[in-house]
Amino acid sequence: MLTHLLPEFKIIRDDERCIRCEVCVRQCGFDVHSYDAEEDMLYADENKCVGCQRCAVMCPTNALTIKPHDYEYRPNANWSKEHIRDLNKQAETGGVILTGSGNDKPYRIYWDHLVLNASQVTNPSIDPLREPMELRTYLGRKPDKVEFDNNQVKVDMPAQVMIETPIIFSALSYGAISYQAWKALLEAADEGGTLCNTGEGGWPHELRPGKTRVIAQCASGRFGVDLDYLNSASIVEIKIGQGAKPGIGGHLPGEKVSADVSRTRMIPEGTDAISPAPQHDIYSIEDLSMLIYALKEATHYEKPISVKISAVHNAPAIASGMVRAGADIIALDGLRGGTGAAPKIIRDNVGIPIELALAAVDQRLRNEGIRNQASILVAGGFRNSGDITKAIALGADAVYVGTAALVAMGCTLCQKCYTGICNWGICTQDPYLSKRLNPEIAKRRLVNLIRGWSLEIKEMLGGMGINALESLRGNRLHLRAIGLDQWELDVLGVRGAGD
Amino acid sequence: MGRITLINTSRPENDMNRVKFENGRIRFDADRLFYKDLNFLLRDVLKEHKPEIISIHNVYGQRYIGTNLRQNVKIEIYGTPGNDLGAFMDGPTIEVFGNAQDGCGNTMNSGEIVVHGSAGDITGFAARGGEIFVKDDVGYRVGIHMKEYQGKKPTLVIGGTAQDFLGEYMAGGTLIVFGLYMSEEQRHRADFIGTGMHGGTIYIRGKVEEHQLGKELGKVEMKDDDWALMEEYAYKYAEHFGYNHKQILNRDFVKLVPLSLRPYGKLYAY
Amino acid sequence: MENLSRKQNPYNDGKVIDSCGLFGMMSLKGNTFSGEDAMTAIANMNIRGNGLGGGLAAYGIYPDRPDQYALHIMYENGRGREETEAFLKESFEIVFNEEVPHRDSATGVVNPPLVWRYFVNTLGSIKEEDQDDYVVEKVMFINTKIHDTFVFSSGKNMGVFKGVGFPENIGHYFCLEDYQGYLWTAHARFPTNTQAWWGGAHPFSILDWTVVHNGEISSYGTNKNFLEMYGYFCTMFTDTEVMAYAVDLLIRQHHLPIELMAKVLAAPLWSEIDRMPEDEKEVYTALRQVYAGLLLNGPFTVIIAHQGEMIGLGDRIRLRPLVAGLHKDMLYLSSEEAPMRLVCRDLEYSWIPKGGEPIIGRLETNEVIYQDKPVVVGMDKNANTSSA
Amino acid sequence: MRRVIAKEEVCIGCRLCEIWCQVQHSDTKDIIKAFKKEDKQAVPRVHVEEEGARSFGLQCRNCEEPYCVYSCISGAMYYDEETGTVQHDPEKCVGCWTCIMACHRGAILRDERGERVAAKCDMCTELEVPACVAHCPNEALILVEDDQEEETE
Amino acid sequence: MRHYKYLIIGNSAGGIGAAEAIRKTDKEGSMAIISDEEHHVYGRPLISYYLGDEIDYDKIFYRPFDFYDKKKIDAILGKKAVKVDFDRSIVTLDDAEEIEYEKLLLATGGTPFVPPIKGLDKYEHFSFITLDDSLKIRERLSRKKIETAIVLGGGLIGLKAAEALTMRGINVKVVELADRVLSPVLDEQASAIIQDVVESEGVEVITGHTFNEVVGNGGMANGVIMDTGVKIDCGLVIIAIGVRPRIDLVKDSPVKLNRGIVVNKHMETNIPNVYACGDCAEVYDFLSDNFRLTPLWPTAYVGGNIAGHNMAGNAKEYVWGTGMNAVDFFGFPVISAGYINPPEGQEMEVLTKIEPENMTYKKFLIQDNRIMGMIFVNEVDRAGVILGLMRDKVDVSSFKDDLLRIDFGAVHLPIKLREEINTAAV
């Protein structure tokens with residue numbers, strides 16, 4: 001059948017520079033480039049190009065330029081190129097359009113409308129290079145008070161997990177991402193004094209000894225979930241939803257269920273790993289409570305239990321219920337959260353921005369006097385340490401970063417994760433591709449990311465005259481907004497700049 | 001101010017009066033005991049005394065019994081254990097003299113649960129190993145998302161019938177429904193059997209209409225090894241519940257298997 | 001209560017989300033018994049609630065005044081009581097009134113309001129067939145217009161007792177062991193958000209209809225809009241309220257039998273309807289067409305009760321639990337099995353009803369109506385008699 | 001002792017090692033000229049061994065017991081004490097292939113493009129880091145310098 | 001009397017191998033190498049390349065000219081050791097000089113076998129073992145144009161000689177008594193290919209025959225009389241049937257002899273402090289697990305090397321050697337090692353692949369999942385991997401199917417071996 005789809009990218013090869021080394025041919029998992037020995041020429045099939053830039057990066061002579069294709073239909077304000085493309089794709093397949101990575105639509109990014117404060121005259125800024133600067137955070141439920149009686153401090157201190165910096169690696173499952181990528185995240189979390197999240201992909205046994213800085217997810221597929229898994233982790237997280245696809249489950253296609261993935265998830269090789277949309281033992285808040293306590297029982301009440309939800313309309317009420325249901329940590333994943341595969345229509349249209357959800361949830365929990373009973377983790381498109389610092393000021397205890405970590409490892413957001421082909425070796429189980437990600441290098445890059453951002457957070461804290469992160473947490477006085485409407489200011493609990 | 005000491009108040013106090021040693025067995029009275037206390041106490045008792053059999057009496061709704069008891073012990077439960085009986089369980093054998101509630105064997109890894117009665121919804125949910133025998137009926141979504149891996153293969157045997165979504169998303173293991181209390185003409189209750197199933201096998205004794213089956217599975221003929229398997233489990237069932245196992249094999253079985261390992265492969269536009 | 005909306009929904013959420021444990025027990029022969037068993041049973045499920053709401057409804061408890069509307073009213077301050085009593089005097093003939101007896105010593109209850117009950121007759125000018133509507137209208141008035149006052153029970157020979165706390169605490173507070181009723185329902189609430197208040201607890205009631213409910217209906221907005229078209233005002237922002245009004249509309253106003261009402265709220269799937277015989281198909285198709293806006297979509301289980309009847313109903317794909325049990329003349333409905341067995345150790349039958357199929361216990365006929373006959377549970381002595 | 005070792009688990013089969021080896025052994029040492037202008041193209045002395053997804057750059061690993069040196073009939077293959085490396089003098093090589101027979105790694109191949117001589121890695125002793133190592137995009141080739149084989153005692 | 005800590009008789013692969021090994025450990029211990037050849041150490045197999053003008057004279061030398069100086073070795077060249085007094089540890093040279101040693105290495109090499117053929121005593125003929133042989137033939141060729149040469153012996157030496165002479169434009173006839181060339185080192189198939197190759201380059205190969213008489217004129221040979229009685233004219237006769245251990249020095253000594261000098265894996269003879277290696281010794285063969293003659297350059301060097309280590313006090317065993325040959329005829333390479341056919345009475349699995357169009361051939365002999373022999377014709381890359389597998393007695397069952405691939409190499413080995421290949425220093 002004739003496809004009506006036009007290529008998305010244009011490949012420009014500078015023949016003056018091309019040495020016919022064929023690195024591009026070998027490096028493109030989408031088989032875009034080919035070498036014609038008879039003609040001694042390299043050709044490209046642009047229809048297959050996803051714009052991942054792997055060939056351009058690898059070309060030893062910089063002979064390649066990949067850029068969005070400049071074909072144009074008749075200009076139409078309603079029917080964009082993207083709409084036409086999607087329509088054609090569905091007309092040709094009758095299927096649900098998939099995509100990878102987070103929402104790329106121009107919903108308002110509130111971080112870009114918030115500015116931070118700095119100390120001038122009335123109180124001093126602090127020089128983080130010289131003076132102590134504390135980013136340490138304890139995640140977990142805090143008791144309402146410390147009882148002091150007869151020289152005894154009585155405290156029912158539930159499990160706490162310490163992180164040295166408020167940057168945690170998001171749930172990225174082994175299976176969705178490659179073993180190498182997952183290993184890099186694990187080791188970087190370990191070295192960086194933070195945590196990584198298993199997603200629903202389990203935790204390879206050989207990567208367990210000596211490692212505890214892991215949030216073990218218990219999701220609807222229950223993949224890899226057993227007592228060993230739960231008790232090896234620092235935190236157990238019940239995944240209810242994900243920012244990129246609220247209300248949607250997931251399918252790890254059978255071809256991605258390799259022998260190793262199968263071992264880790266403890267499912268048969270080559271069969272789909274289906275994560276149903278709901279957890280079928282949770283249809284209600286009291287069911288959530290049931291699973292929370294099942295997990296507490298399974299872990300001797302020694303691990304904080306986190307519950308992760310997509311940021312949706314009722315997030316504040318739901319979060320309140322979660323805390324009352326026993327969740328020690330509330331994880332909120334916003335509209336711009338990443339994914340390996342999601343129906344595009346869901347990714348682009350469901351959920352609310354994390355900034356608003358965070359502000360609303362933090363405020364609700366405070367109003368109800370239960371904010372201390374749970375830590376708040378937020379996720380969903382955090383791009384730099386500025387976003388993170390603003391999130392702390394809006395009330396987060398720590399921030400999940402997923403896409404940023406992937407980019408640090410090499411991801412170029414080509415959004416083709418769902419194909420199982422990733423030229424950067426991140427989102428693939430093809431051994432030919434996955435080994436492109438050297439876990440050592442990736443780990444180094446991730447540790448650098450954490451280090452760099454932590455230093456920047458310290459700089460920003462210092463500027464505000466704060467030397468311990470907890471003094472910024474929920475401290476919205478250090479935020480001002482620019483260019484927002486009143487309702488947005490109200491939700492964010494932030495005043496306009498100059499106000 | 002003198003030396004300050006820290007006291008952690010989170011651990012429930014043990015009430016050893018509830019535990020009695022009788023003829024080499026341990027008898028445990030759970031009357032009105034909160035589940036957390038019951039399970040803590042149970043763990044302590046098992047850890048200290050390592051009995052082969054422990055019986056728990058006056059159980060009314062206490063949850064999570066058997067969770068995180070990683071040892072070979074037989075737990076007899078008299079009464080009605082609460083939800084998530086044996087959730088995440090890895091090892092023990094539980095025998096319930098009464099009915100079990102919802103979530104029995106949730107995400108179970110290994111061990112055995114024998115219910116002398118009925119069990120509720122999502123029995124055997126996401127189980128990865130072990131065996132569950134239910135004498136009578138079960139509720140909705142039973143055996144859903146069961147899976148198997150290498151040596152681990154869960155088996156769920158239901159003496160009566162099951163309700164809708166039986167074996168939904170099933171990815172492995174064996175689900176057997178004997179339909180013992182039904183006449184030949186009566187059809188099983190469950191609709192949407194095996195929706196999304198992509199692994200494992202369901203055996204149903206008695207009548208099942210085509211419309212009761214999910215789209216992702218199909219009937220196949222019973223072969224000799226299927227009958228051998230039915231005989232094995234009929235025998236075990238009879239051993240547990242005092243039934244004549246030959247009686248179970250006197251009616252036809254429907255064997256249901258997934259049509260594809262990738263039920264949703266064609267759902268998407270790549 | 002003039003500020004009812006704000007009271008019930010302080011954060012102005014689209015709706016108030018909660019979830020729960022349910023229990024109901026009924027003597028089909030009308031034998032009465034105290035509230036103790038219902039309290040024991042619901043207490044056994046208090047992990048299904050979180051202590052921010054509990055309550056019971058009891059039928060047949062006012063045998064001495066069977067024909068008067070029993071209004072249970074909570075006052076948060078004296079001004080409310082003054083205004084209300086003035087209003088009641090205008091609107092009704094007050095036969096008797098008293099503070100609802102309670103134990104000040106009871107633990108586990110939070111900020112109890114003043115709770116008063118009034119046994120009233122409608123004024124003589126009201127025709128008998130209009131009396132119910134009249135009462136509803138007056139209750140609505142009080143609940144929306146009068147300061148700090150809330151009518152939470154308004155049926156005849158029945159009463160609702162509820163508040164903030166676990167249900168057994170509430171029951172203990174209201175001394176329910178001293179009442180004798182033939183039908184009791186109980187509710188342990190797990191609100192996800194509200195700063196709890198006494199009126200927000202279940203059961204929810206209008207006249208002698210009470211509803212205890214578990215689950216969150218995803219179709220709430222549609223249902224609410226549909227009911228508002230028929231003149232109901234949803235001031236409580238809860239699924240329970242919607243359910244009560246839906247039942248009221250279908251049964252009291254549209255006179256559907258309970259069995260068909262159940263098929264509106266938990267409508268059969270089209271695939272099921274497609275397999276029905278022609279005439280049935282037409283009936284169910286028509287129900288779905290007309291009452292599309294009353295399909296309760298999403299997880300729910302309710303125990304609906306009114307004088308002489310207890311109805312258990314779950315959603316059509318059974319996303320919330322409900323078990324039923326029988327012993328002699330007693331019908332039990334519960335979120336879990338254990339509480340039934342706790343209060344009835346030699347329960348004869350228990351079973352898991354099919355989603356969307358109502359279980360109806362009926363006093364006048366002494367029967368339980370349900371589609372799926374229960375299996376004899378666990379004790380089938382005959383199973384292996386016929387041997388090969 | 002200077003050795004280049006390979007980590008097959010991260011070798012991605014891009015063959016940039018071969019390309020940069022060739023550049024390094026070209027006359028101009030300019031990648032574009034080396035490939036497009038020079039008449040006699042240099043031969044890469046590292047070779048990517050590849051089988052499906054498995055691959056690694058294979059070049060001389062500087063054996064402690066260099067059987068290629070021991071076996072060489074002409075003295076073309078020799079141990080260079082100054083650099084601590086096994087070197088090959090193509091001028092002396094007669095192309096008998098005894099070194100190929102002796103190398104249990106299969107690291108020596110026939111230079112089929114030029115003279116009949118063995119193509120053997122020279123460890124880029126004039127560079128701080130061999131070209132293949134320096135240009136390996138995934139750190140699949142690692143330079144190891146250990147002193148234990150130093151001639152001094 | 002000169003006294004050396006290390007005395008080496010023989011200035012070829014074995015001797016140099018030993019000297020270099022000794023110097024790895026003992027940088028200073030006095031050392032001397034005695035040889036009756038006057039030349040600086042040269043690559044013995046290179047004499048054919050020199051004869052064929054494929055290399056210049058100075059390229060024949062195996063080590064740089066400052067080799068002895070740098071290694072602090074006294075090179076006693078052009079003198080023949082004629083006697084060893086093992087009791088006194090003294091070697092007597094042909095000029096009667098006595099040299100005392102502490103450790104002695106016998107690396108005397110081989111001597112060409114010349115059969116008793118009529119006329120050889122009267123007419124000029126050549127062996128082809130030493131540089132002098134090569135120089136003499138060159139000298140002979142330079143004096144008179146020769147059109148035809150006859151080489152007796154279709155083995156490695158004979159064919160290399162034939163190749164060299166062909167390169168010089170001489171018409172060469174190779175006479176081989178066996179029914180095919182290279183019969184000791186190749187099987188029938190490979191022999192046939194090589195015979196094709198050399199014949200296509202103009203060499204005439206006569207198998208199954210020999211000649212009984214050399215005829216000539218005035219000391220110069222001008223023909224041979226074949227066993228068929230036919231006379232073949234020629235201007236040059238080369239006898240290249242083979243070599244035998246050169247053991248006359250120790251013939252009547254206490255040194256234990258078999259066909260060659262008997263040594264153990266440490267290359268020690270039965271006399272303390274006396275070692276032997278190379279063509280004169282019967283050395284260990286890892287394949288057959290016994291001791292036998294392997295008169296080959298690589299085994300001689302490695303044997304000498306092991307001897308040298310032991311002489312310098314490092315106990316090392318010689319386990320590397322077996323029959324192995326790498327050779328190239330007219331640019332056509334061949335490598336073989338170990339058994340070429342299953343020996344009498346032994347069951348071996350035989351894997352072969354032949355591609356006539358490329359004239360490539362591969363063969364493996366496998367016994368108990370171990371490779372016992374290999375032949376690579378034309379495509380010889382990575383043949384060393386196989387030799388390594390043979391030496392390390394690797395179980396090949398898991399990758400046996402890959403062996404015949406043209407690109408079979410390290411990448412096809414099991415992970416553990418690959419890791420060794422990619423990271424280990426050995």
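Because only heavy atoms are used, hydrogens play no part in the values below, and waters and symmetry mates are left out as well, while side chains stay in. All figures in this text were calculated on a predicted structure; none of them were measured in a lab. Residue numbering restarts at 1 for every chain, and letters A, B, ... go by the order of the sequence lines.
For the atom pair OG of D:S74 and CZ of E:F61, the computed distance is 13.5 Å after rounding to the nearest 0.5 Å. Atoms NZ and CD, on E:K59 and D:E91 in that order, are 5.0 Å from each other to the nearest 0.5 Å. Distance check, rounded to the nearest 0.5 Å: CG of E:N305 to OH of D:Y70 gives 4.5 Å. Taking CD1 of D:I73 as the reference point, atom OH of E:Y49 lies at 5.0 Å (rounded to 0.5 Å). The distance from atom SG of D:C103 to atom CG of E:D381, rounded to the nearest 0.5 Å, is 11.0 Å. Between E:Y62 atom OH and D:C72 atom SG the span is 6.5 Å, to the nearest 0.5 Å.
Looking at E:K24 and D:E64, no side-chain N of the basic residue comes within less than 4.0 Å of a carboxylate O on the acidic one, giving no salt bridge. A salt bridge links E:K316 to D:E65: one of the charged nitrogens lies within less than 4.0 Å of a carboxylate oxygen.
No other option in E:G43, E:P45, E:A383 has as many heavy-atom pairs under 4.5 Å with chain D as E:P45. The candidate from D:K7, D:E8, D:K92, D:R54 with the greatest count of non-hydrogen atom pairs under 4.5 Å with chain E is D:R54. Between chain E and the residues D:V4, D:I100, D:V144, D:L141, the largest count of heavy-atom pairs under 4.5 Å involves D:I100. Most heavy-atom pairs under 4.5 Å with chain E, from the set D:I142, D:I108, D:L109: that is D:L109. Note on E:L389, E:V334, E:N325, E:L413: by heavy-atom pairs under 4.5 Å with chain D, the leading option is E:N325.
Residue E:T299: no heavy atom, backbone or side chain, is found under 4.5 Å from chain D. Heavy-atom distances place no part of E:D58 under 4.5 Å from chain D, backbone and side chain included. Residue E:V385 touches chain D through both its backbone and its side chain, counting heavy-atom pairs closer than 4.5 Å. Of the atoms belonging to D:R3, it is side-chain heavy atoms, and not backbone ones, that fall under 4.5 Å from chain E.
In this structure, E:R63 is not positioned above the aromatic face of D:Y78 in the sense of NZ or CZ being under 6.0 Å from the six-membered ring centre and within 45° of the axis.
Here the closest heavy-atom approach between residue D:A102 and residue E:W320 is recorded as CB-CZ2, 4.3 Å. Considering every non-hydrogen atom in both E:P298 and D:T98, the closest pair reads CG-CG2, 3.6 Å.
Taking a 6.0 Å sphere around NZ of D:K37, one finds it holds 12 or fewer heavy atoms contributed by other residues, nucleotides or ligands. Other residues, nucleotides and ligands contribute only 12 or fewer heavy atoms inside 6.0 Å of the NZ atom of D:K33.
Using a 4.5 Å heavy-atom cutoff, the side chains of E:D328 and D:W97 are in contact. Taking 4.5 Å as the limit, every side-chain heavy atom of D:S55 sits out of range of all side-chain heavy atoms of E:V411.
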Enumerate, atom names and distances included, each donor-acceptor pair closer than 3.5 Å involving a side-chain atom of residues 419-426 of chain E, sequence neighbours excluded.
from, atom 1, to, atom 2, distance (Å)
E:N422, OD1, D:R61, NH2, 2.9
E:N422, ND2, E:R418, O, 3.4
E:T423, OG1, E:E419, O, 2.6

Could you pull out all donor-acceptor pairs under 3.5 Å where a side-chain atom in residues 44-51 of chain D meets a protein atom, sequence neighbours excluded?
from, atom 1, to, atom 2, distance (Å)
D:R45, NE, D:V43, O, 3.3
D:R45, NH1, D:K120, O, 3.4
D:H47, ND1, D:E49, OE2, 2.9
D:E49, OE1, E:R382, NE, 2.9
D:E49, OE2, E:R382, NE, 3.0
D:E49, OE2, E:R382, NH2, 3.0
D:E50, OE1, D:R15, NH2, 2.8
D:E51, OE1, E:R405, NH1, 3.1
D:E51, OE1, E:R405, NH2, 2.7
D:E51, OE1, E:H412, NE2, 2.7
D:E51, OE2, E:R405, NH1, 3.3

Candidate pair D:V94 and E:E54, rule side chain to side chain contact (heavy atoms under 4.5 Å, CB included), full reasoning = CA-CA 8 Å; D:V94 296; E:E54 289 170 72; over 6 Å; no
Tell me, with the steps shown, if D:E82 and E:K70 meet salt bridge (Lys or Arg N to Asp or Glu O under 4.0 Å).
-> CA-CA 13 Å; D:E82 210 168 295; E:K70 274 202 159 169; over 6 Å; no
